[in-house]
Student: 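My questions will all concern the structure given below.
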Amino acid sequence: MSSNVVVRRDHNEEQREFDQATTGLDLFGAERTIVAMRVNGETHDLSRELGDGDVVEPVFNGEPEGLAILRHSAAHVAAQAIQALHPDAKLGIGPPIVDGFYYDFAVEEPFTPEDLKAAEKKMTQIVKERQRFRRRVVGDDEAREQLADEPYKLELIGLKGNASDDDGSSVEVGAGELTLYDNLRRDASVAWFDLCRGPHVPHTGYIPAYGLTRVSAAYWRGDQKNDQLQRIYGTAWPSKDELAAYKHRLAEAAKRDHRKLGAELDLYSFPEELGAGLPVFHPNGGVIKRVMEDYVRQRHLEEGFSYVGTPHISKEGLFYTSGHLPYFADGMFPPMDDDGQPYRLKAMNCPIHNLIFKSRGRSYRELPIRFFEFGTVYRNEKSGVLQGLTRVRSITVDDSHSYCAPEQAADEIKHLLKFVLGLLSDFGLDDYYLELSTRDEDRVDKFIGSDEEWATATQILRECADESGVECVADPGGAAYYGPKISVQARDAIGRTWQMSTIQYDFNMPARFGLHYTASDGSHQQPVMIHSAKFGSIERFIGVLVEHYAGAFPPWLSPVQVVGVPVAGEFNDYLNEIATLLVERGVRVQIDDSDERMQKKIRTATKSKVPFILIAGGEDRDAGAVSFRYRDGTQNNGVPIDDAVAEIVSAIENRQQV
RNA sequence: GCCGCCUUAGCUCAGUUGGUAGAGCGACGCUCUCGUAAAGCGUAGGUCUGGGGUUCGAAUCCCCAAGGUGGCUCCA
């Protein structure tokens, strides 16, 4: 046996002895904990025996692979704890996920928060016992015998070798080898075991920081038709500090919640009388919405789009022509009957834009023809999926459709992609990646169009994505039924990702609507249609902006840009003179002339997250000046009025954050 | 749609084991006229989400519904 790496670890002598007995490797003295090893490129437990010539690299707990191993091991400990407390709980699967892990159980009664607390306590006990993970290769029959009481695990054994089984289950897939993992006590007796592909940390003491976070329901193998299991979510980290940092991040995210801030800043609300998923924008939210609309309308005009308008309802037949019915009947509100003629609320704008395209003959000279509008569409989202502004039932889409000759499609997509990325950047979202959503090749019946058409369209989108230089990840199965799409996933200020803009390549709808243009040789040709939405949904975009900025919008988006606070009532007039100068420059100003103390007014303005507070008293008036208090609390006193106006106007015009 | 949890004044929340409601903020009024995050006093405001039931008696226990929420599934 030989190894080309010195595997070391920082811990006490007792643990060192135990680790050496466990792993056969000296883990003493390393700065970071080693939880597994890569042997000839494949990840294994540290207990794996090494042969001559094996190339061994350590896997540290801090790197993604090491974290996954740590969390997967934590999932085992959680499951062991649950089964110790609930012997009747049947095991589902328990994979690592972002920030932690989960484990599914079939139980008679759902778990309660108290159950979680008790299980967490039990986990601590298991971790303290430093139970060793032992890998055991077993045959089918032996595995079935050992797991006779675990119906879901038996089902997984039956799935062994099914290459399409990629649901994150912990069964060994396709390798032809089943493994069990035992948790061994110090006396080598088996405390618990699970069907699992591994690898795991050497013993449970390697899981220094963990917690059970919540419980929810989940369908077995992700299918609504299957049993509903109870899913316990947990988190696990290489150190207590990192666990604390994670909890801190969660708390920060909660503070930014757009549902909470929307009420605090008086931006929007969701009146119960109106119905679920139907937001109303208050004057403050209305300003943000209008600024966004003005911006994107102007930008579309600059990019060669024509502004069009369409009604909210249509005869139902239109959506059969487009193919939305019956494909997405569930997503649309039920029909309204008008003397036997069914009408529908529109769930998309494209069919109506097609009617505009068709309204007269089109020449190849006109292409690309670009239509744009804010179209509010209505989707009958299932009650359980609604979420603040990010999942609503009335969705305002900045919807655009480019009709072009097939050979123009690639250029048009590149043009749109550039447009979209510039827009995100103007709204402060500089951190994003692309997602290429393609057809689900196992369920081609859910998508219309030929294999060749799909291949061509996908290829064009892929080339455009590659050429943009932006990172692009694959999303197999995520395409619209009529064609593949590129979507932009933006990361907000605390690293969460949101699907924003989409660009979709559509070869189906032009055919279904019989769209054509006259080519230079006089023949009729079918255009390609590129759907794109830059904000995606205005509602969602506003929700994301609120969370991204935590309500502290850059001045150009702030509902109120300046609040004026007089030191005393006698300075109201002086501040009003300054306000007039600002209003003339288009600035949104409010003078707080209420009967309150100035300290209170400053506090109120600060809590509303206004970017500029202007304060004026006798000293300012005598000097023809005004005093700034910025959002971060810093002051700039006695600024000449002209300079103050210039500073504010400049920040707004340059879309600066302050 | 499925499973769990939640719903008390405009907002944030108290409300012991069932004995028919409280605070702070906000709003309004009066006093105070003040230099960088909360002046003082007072007033109004609630079928305890809605509907059934158990009970002498329900904010509290049970059932149903609506809305919200954490997930699952879905997301053109």
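By convention in this document, chain letters (A, B, ...) are assigned in the order of the sequence lines, proteins followed by strands, and residues within each chain are numbered from 1.
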Student: What's the gap between B:U55 and B:A14 when it is taken at their C1' atoms, as a whole Å value?
Tutor: 26 Å
Student: Please name all residues satisfying side chain to side chain contact (heavy atoms under 4.5 Å, CB included) with A:Asp399, sequence neighbours left out, ordered by chain then number.
Tutor: A:Asn349, A:Val397, A:His401
Student: Kindly say whether the aromatic ring centers of A:Phe357 and A:Phe513 come within a distance under 6.0 Å.
Tutor: no
Student: Specify the residue among A:Gly222 and A:Asp330 whose closest nucleotide of RNA chain B lies further upstream toward the 5′ end.
Tutor: A:Gly222
Student: Donor-acceptor pairs are to be reported for all side-chain atoms of residues 268-279 of chain A against protein atoms at under 3.5 Å, with residues two or more places apart or in another chain.
Tutor:
{"from": "A:Tyr268", "atom 1": "OH", "to": "A:His258", "atom 2": "O", "distance (Å)": "2.6"}
{"from": "A:Ser269", "atom 1": "OG", "to": "A:His282", "atom 2": "NE2", "distance (Å)": "2.7"}

Student: So, does A:Lys382 get its side chain near the phosphate of B:U73, meaning an N or O under 4.0 Å from OP1 or OP2?
Tutor: no
Student: Applying salt bridge (Lys or Arg N to Asp or Glu O under 4.0 Å) as the test, list every pair that has at least one member in residues 105-116 of chain A; sequence neighbours left out.
Tutor: none
Student: Calculate the interatomic distance between A:Phe333 atom CZ and B:A76 atom P; express it in whole Å.
Tutor: 17 Å
Student: Step through it carefully: locate the ring centre of A:Tyr630, locate the ring centre of A:Phe628, and say whether they are under 6.0 Å apart.
Tutor: yes
Student: Output the rounded distance in Å from CG (A:Asn349) to C1' (B:A76).
Tutor: 12 Å
Student: When rounded to the nearest Å, what value does the distance between C1' atoms of B:A44 and B:G22 take?
Tutor: 16 Å
Student: Donor-acceptor pairs are to be reported for all side-chain atoms of residues 566-574 of chain A against protein atoms at under 3.5 Å, with residues two or more places apart or in another chain.
Tutor:
{"from": "A:Asn572", "atom 1": "ND2", "to": "A:Gly569", "atom 2": "O", "distance (Å)": "3.4"}
{"from": "A:Tyr574", "atom 1": "OH", "to": "A:Ala625", "atom 2": "N", "distance (Å)": "3.1"}
{"from": "A:Tyr574", "atom 1": "OH", "to": "A:Ala625", "atom 2": "O", "distance (Å)": "2.7"}

Student: Which part of the nucleic acid, if any, lies within reach of A:Lys601 when heavy atoms closer than 4.0 Å are counted: base, sugar-phosphate only, or nothing?
Tutor: nothing
Student: Base, sugar-phosphate, or nothing for A:Phe111, non-hydrogen atoms under 4.0 angstrom?
Tutor: nothing
Student: Would you say the side chains of A:Tyr152 and A:Asp104 form a donor-acceptor pair under 3.5 Å?
Tutor: no
Student: What distance, rounded to whole Å, do you find between the two P atoms, one in B:C25 and one in B:C41?
Tutor: 10 Å
Student: Just list the side-chain donor-acceptor pairs under 3.5 Å for residues 477-485 of chain A, sequence neighbours left out, or say none.
Tutor:
{"from": "A:Tyr481", "atom 1": "OH", "to": "A:Ser322", "atom 2": "O", "distance (Å)": "3.1"}
{"from": "A:Tyr481", "atom 1": "OH", "to": "A:His324", "atom 2": "N", "distance (Å)": "3.1"}
{"from": "A:Tyr482", "atom 1": "OH", "to": "A:Gln504", "atom 2": "OE1", "distance (Å)": "2.3"}

Student: Pick base, sugar-phosphate or nothing for A:Gln499, based on heavy-atom distances below 4.0 Å to the nucleic acid.
Tutor: nothing
Student: For A:Tyr549, give me all partners under side-chain hydrogen bond (donor to acceptor under 3.5 Å, both in side chains), at least two apart in sequence or on another chain.
Tutor: none
Student: To the nearest angstrom, how far is A:Tyr102 atom OH from B:U73 atom C1'?
Tutor: 13 Å
Student: Suppose we screen for salt bridge (charged side-chain N to carboxylate O under 4.0 Å, His left out). Which residues come up paired with A:Arg439, at least two apart in sequence or across chains?
Tutor: A:Glu441, A:Asp451
Student: In whole angstrom, give the distance that lies between atom CZ of A:Arg391 and atom P of B:C72.
Tutor: 12 Å
Student: Can you tell me, in whole Å, how much space there is between the C1' of B:A58 and that of B:U16?
Tutor: 16 Å
Student: What does the B/S/- profile of nucleotides 61-71 of chain B look like, 5' to 3', with a 4.0 Å heavy-atom cutoff to protein?
Tutor: -----SSSSBB
Student: For B:A39 and B:U8, measure between their P atoms and round to the nearest Å.
Tutor: 30 Å
Student: May I ask you to establish whether A:Arg231 and A:Tyr102 are in a cation-pi arrangement, using a distance under 6.0 Å from NZ or CZ to the six-membered ring centre and at most 45° from the ring axis?
Tutor: yes
Student: Which whole-number value in Å describes the distance from A:Ile232 CD1 to B:C5 P?
Tutor: 14 Å
Student: Could you tell me how far apart A:Asp227 (CG) and B:C72 (C1') are, to the nearest whole angstrom?
Tutor: 14 Å
Student: Nearest whole angstrom, please: distance from the C1' of B:C13 to the NZ of A:Lys260.
Tutor: 14 Å
Student: Side chains of A:Thr310 and A:Lys346 only: does a donor on one sit below 3.5 Å from an acceptor on the other?
Tutor: yes
Student: If only side-chain N and O atoms count, and only distance matters, is there a donor-acceptor pair under 3.5 Å linking A:Ser537 with A:Glu539?
Tutor: yes
Student: Once rounded to the nearest 0.5 Å, what's the spacing between atom CG of A:Leu267 and atom CD1 of A:Ile542?
Tutor: 8.5 Å
Student: I'd like to check the side chain to side chain contact (heavy atoms under 4.5 Å, CB included) partners of A:Gln387; sequence neighbours left out, ordered by chain and number.
Tutor: A:Arg259, A:Thr390, A:Arg391
Student: Expressed in whole Å, how much space separates the P atoms belonging to B:U17 and B:C61?
Tutor: 11 Å
Student: Which pairs, protein N/O on one side and nucleotides 41-47 of chain B N/O on the other, fall under 3.5 Å?
Tutor:
none

Student: Using the C1' atoms only, state how far B:A59 lies from B:U31, rounded to an integer number of Å.
Tutor: 39 Å
Student: Without decimals, in angstroms, what is the distance between A:Asp104 CG and B:C72 C1'?
Tutor: 9 Å
Student: What base-paired stems does RNA chain B take part in, with at least 3 consecutive Watson-Crick or G-U wobble pairs and both distances under 3.5 Å?
Tutor: B:1-7 with B:66-72, B:10-13 with B:22-25, B:27-31 with B:39-43, B:49-53 with B:61-65
Student: In whole Å, measure the gap between the C1' atoms of B:C64 and B:U54 for me.
Tutor: 15 Å
Student: Can you check each nucleotide of nucleotides 34-40 of chain B against protein heavy atoms at under 4.0 Å and return B for base, S for sugar-phosphate only, - for none, in 5' to 3' order?
Tutor: BBBBBB-
